[in-house]
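One structure below.
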Amino acid sequence: MLALRCSVYAIFLVRLVAIQSSPDVLEAENAVFFEGKQVIPRSEASGQATLKMKKGQTVSIEFCLMMHSEIEVHNVWYSNDGESDLITITVDNKKMGEVLTEPLYKDGAGWNIFKPSETLDHFIYLSEGRHQLSLYIEKGDEYGVEIDKIELFLHNGKEEHSLDCKVFCFDDISYDHGIADTGFGHYTSKGKLVQKSKKTLCAEEDNINIPIFHDSARKFIISVNHPHYTSFANNRMADFDNCKMTLSLWSFRDIDLSQTQRVTQSSEVATLSVTPLKTDWQSNLISYGLIIEFSLDGPRIGMMDSEIGSVIKVSFRGIIHPVDVSMQYFGRWSKWSESTNKTIYSNKTWDTWEVPDFRWREGRGNSIRLTITAFRIERIQIEEIVMNKRGLAMDQSMMVYYDGMTIIEVVDIDAWWRVNETMTLKTLNDGRVFQGVDYFRIYRKIPWSENNFCQVFVMYQDGNVRLLPITPHGLDWIPFGSSILIGQSDPMAVRPAAPLRNADIDPKELTIQLAYLDGSFLSLKLDVTMKETMIIVSNPFYARSLTSHPFLTFRSMWVSNGNADVDNVSVDGNEPHHILSGWSTLRGTSFAFFRKCISKHNTLSPDIRVKIID
Ligand SMILES: *[C@@H]1O[C@H](CO)[C@@H](O)[C@H](O)[C@H]1NC(C)=O
Ligand SMILES: *[C@@H]1O[C@H](CO)[C@@H](O)[C@H](O)[C@H]1NC(C)=O
Ligand SMILES: *[C@@H]1O[C@H](CO)[C@@H](O)[C@H](O)[C@H]1NC(C)=O
Ligand SMILES: *[C@@H]1O[C@H](CO)[C@@H](O)[C@H](O)[C@H]1NC(C)=O
């Protein structure tokens, strides 16, 4: 009997080491509230507190599993001063074992000495979700026992787990490839996904970037459906936590102008220097030259900072007599602008100068120069000087088609990132042509609503497409999440694009002929059913090599499990992969981009599938 127990224990140890090196911990003081719950501060206890328990009491501690796991109670840590106590431990009403505490007689000093029990005899298989571990004091002296913590081992094949469900993941979500039903897919050659994603902490950055290659890409289907996980939360607000906010392009504070020497200050993107220029002893006036040299991000990395106009704001301190300030800028045109002069009368008020669009250059080589003239003896200081991007105007949209079932709109964005590029849209039913379009969108009537429409398709001039299934019954709208770039792009670009020239739409058939700036073209057919929204792409001509330039690029966001627009990708119905790690290329003809973990970001944004037919 003893031998058997030993061998079981040995296997057990090996397994523990192999699967999990440190146990998960439940603090006893976090027990569910009960009448007379007593939490005692103890310096030696984990979490510096214990839960006092007396004979006959039962307490429960809740925990939550993210996946199906086998649970063992490794140790119950307790302190005792007095006679021994007998504690029964159950998980979800199944008895895991008993702990007999050691007696100790130290006149109260024993309460700060913590001892582990041993691993309890039994284990239990639990499904994902919430569970309860309960402690019952079956026998004990009048002083009871103090419980510090309970250590659990979870066996589920994963290295990392936790005992709370901040994130809830479904284990049983999968996509089959369903190629057989088309009859074609079996014969087409394999396509290839290439991992070009990077990590981010900002949920509004498209860090997931997966170009898709295929040697012909003559016909393929992109479809979207509601997430396969079950959630009725409809979180859809942008989350700018941990995002680099670029409203302010640079700023400096506390600059003392009354220096006799040149002084400089630098930030990541800008350098400021102040030099006393000249003193007019007659009038006792002195001029200071303040120069700020800076670099700006531009379209090469998908930004507009170098293209859009800006606002320079300055606030002064120590103004006694009015101070003259003259501002000039230097940038794209490689010469100093005319000066704009202002007189400053008061402390701590913002004086502003505006610089129009297209005056800066991308990267380095931008400057502004302030010439400040004041009485020599006055100690003028700049409290703060900031350069911001100008405010953006609202998108301008125009309805170009309406028939009671379908609406088509064209939209003009202020400061579209493909600088000076726009597309032309033609409605084939009436031959009208709309110029200067940055994106267009198609709405469909919601079947369960008398007069509401929902967006199902949006296409931007840079080739990006966003798709939605019909808004589910009972909701007003659901958010977009992942997007897909249709058309050939440079896979090395920071912000890939397949810029469009024309889109010709047949609104009745919902077919669209696309012509790209690189000379490529292709046809789309939009098909909206209750279950999914689908586009069938066919008859392409590719202007560039299909080996070096992907025909599609999947773009999305993953910050962490539960804060992601996509978390898994599966190919041809096989075992899924994590969207961001563990692979560099994947081959197949059917790709599903989906989520297993309920996301707080865009909770109901759709899953996307790409199926190469030919
Ligand atoms: C500005 O602040 C200084 C003190 O820093 C003060 O002496 C001066 O009177 C203020 N100027 C005005 C115009 O209020
Ligand atoms: C602005 O002030 C500068 C000197 O500070 C002067 O050279 C320039 O002529 C002024 N410009 C205008 C338009 O008054
Ligand atoms: C875009 O147009 C503006 C105004 O015509 C021009 O100044 C700018 O240089 C153009 N930018 C590019 C990248 O062509
Ligand atoms: C699928 O995604 C979830 C959430 O990111 C992750 O925990 C899981 O490991 C992924 N599946 C695979 C096989 O990597």
Side-chain angles (χ1 to χ4, degrees), residues 65-69 128 154 156-162 165-175 193 195 197 199 207-208 227-229 254 256-258 275-280 283 285-291 315-329 336-349 351 353 368-375 377-383 482 556-571 573-584 586 591-601 607:
L65 297 176
M66 303 227 312
M67 61 193 295
H68 182 100
S69 309
E128 57 269 63
L154 273 58
N156 53 24
K158 289 274 186 300
E159 292 269 333
E160 289 169 41
H161 14 78
S162 74
C165 296
K166 281 201 206 78
V167 178
F168 194 90
C169 303
F170 291 82
D171 234 6
D172 56 352
I173 293 179
S174 62
Y175 275 90
L193 303 185
Q195 182 60 275
S197 310
K199 293 213 155 156
N207 66 314
I208 300 297
H228 275 195
Y229 60 52
D254 300 325
D256 189 351
L257 296 175
S258 59
T275 322
L277 294 179
K278 61 171 199 279
T279 309
D280 181 339
S283 58
L285 285 169
I286 182 166
S287 295
Y288 305 96
L290 181 147
I291 293 188
S315 83
F316 288 89
R317 270 197 306 246
I319 304 276
I320 295 167
H321 296 95
V323 171
D324 289 324
V325 182
S326 157
M327 195 280 288
Q328 289 171 286
Y329 57 87
W336 286 100
S337 69
E338 297 278 301
S339 50
T340 312
N341 296 350
K342 282 183 196 284
T343 304
I344 314 295
Y345 297 96
S346 54
N347 292 325
K348 302 190 177 196
T349 50
D351 282 278
W353 281 264
I368 65 156
R369 177 159 77 193
L370 296 186
T371 308
I372 299 151
T373 307
F375 282 112
I377 44 160
E378 289 174 13
R379 201 162 162 254
I380 311 291
Q381 289 172 305
I382 290 180
E383 183 177 57
S482 305
S556 188
M557 175 287 280
W558 184 92
V559 171
S560 58
N561 287 341
N563 187 12
D565 291 352
V566 62
D567 57 32
N568 279 238
V569 53
S570 74
V571 177
N574 298 324
E575 268 294 292
H577 296 266
H578 190 272
I579 195 68
L580 185 60
S581 52
W583 60 278
S584 56
L586 295 172
F591 307 102
F593 301 92
F594 61 100
R595 283 185 292 203
K596 287 192 167 196
C597 302
I598 296 175
S599 177
K600 64 177 184 179
H601 188 264
D607 293 345

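Below, each value reflects all heavy atoms present in this structure, side chains not excepted, and no hydrogens, waters or symmetry copies. Start at 1 and go down the list; that is how both ligands and their atoms are numbered.
- With a heavy-atom cut-off of 4.0 Å, Glu575 does not touch ligand 4 at all.
- Trp558 and His578 have their aromatic ring centers within a separation under 6.0 angstrom.
- Protein heavy atom closest to atom 10 (C) of ligand 2, with residue, atom name and distance, is Asn341 ND2, 2.4 Å.
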**Full working for side chain to side chain contact (heavy atoms under 4.5 Å, CB included) between Ile344 and Ile319** = CA-CA 8 Å; Ile344 314 295; Ile319 304 276; 4.0 Å; yes
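- Each of the atoms 1 (C), 2 (O), 3 (C), 4 (C), 10 (C), 11 (N), 12 (C) of ligand 4 lies under 4.0 Å from some heavy atom of Asn568.
- Nearest heavy atom pair, residue Phe594 against residue Pro576, reads CZ-CB, 4.0 Å.
- Heavy atoms of Cys597 come nearer than 4.0 angstrom to ligand 4 in at least one pair.
- Of all protein heavy atoms, the one lying nearest to atom 6 (C) of ligand 4 is His578 CD2, 4.0 Å.
- Of all heavy-atom pairs spanning Ser556 and Val566, the tightest one is OG-CG1, 3.3 Å.
- Between Thr373 and ligand 2, no N or O atom pair is found at a separation short of 3.5 Å.
- For atom 5 (O) of ligand 2, the nearest protein heavy atom (residue, atom name, distance) is Ser326 CB, 3.7 Å.
- Within ligand 2, the atoms closer than 4.0 Å to a non-hydrogen atom of Ser339 are 1 (C), 8 (C), 10 (C), 11 (N), numbered from 1 in the order shown.
- In terms of protein heavy-atom proximity, atom 9 (O) of ligand 1 is nearest to Ile319 O, 4.3 Å.
- Interatomic distance, Ile368 CD1 to Ser337 OG, rounded to the nearest 0.5 Å: 10.0 Å.
- Between atom NZ of residue Lys596 and atom OH of residue Tyr229 there is a gap of 14.0 Å, rounded to the nearest 0.5 Å.
- Each of the atoms 13 (C) of ligand 1 lies under 4.0 Å from some heavy atom of Tyr345.
- Polar contact with ligand 4: absent for His577 (N/O pair, distance under 3.5 Å).
- A donor-acceptor contact closer than 3.5 angstrom links the side chains of Thr373 and Ser287.
- Protein heavy atom at the shortest distance from atom 7 (O) of ligand 1 is Ile320 CG1, 4.5 Å.
- Annotation: Tyr175 is in aromatic contact with His228 [ring centroid separation under 6.0 Å].
- At a heavy-atom distance under 4.0 Å, only side-chain atoms of Asn561, from C-beta outward, approach ligand 4.
- Judged by distance alone, the side chain of Ser339 and the main-chain N or O of Asn341 form no donor-acceptor pair under 3.5 Å.
- Judged purely by atom type and a 3.5 angstrom limit, Gln195 uses its side chain to pair as donor or acceptor with the backbone of Ile579.
- Closest protein heavy atom to atom 3 (C) of ligand 1: Asn347 ND2, 3.7 Å.
- Taking a cut-off of under 4.0 Å to the non-hydrogen atoms of Pro576, the atoms of ligand 4 that pass are 12 (C), 13 (C).
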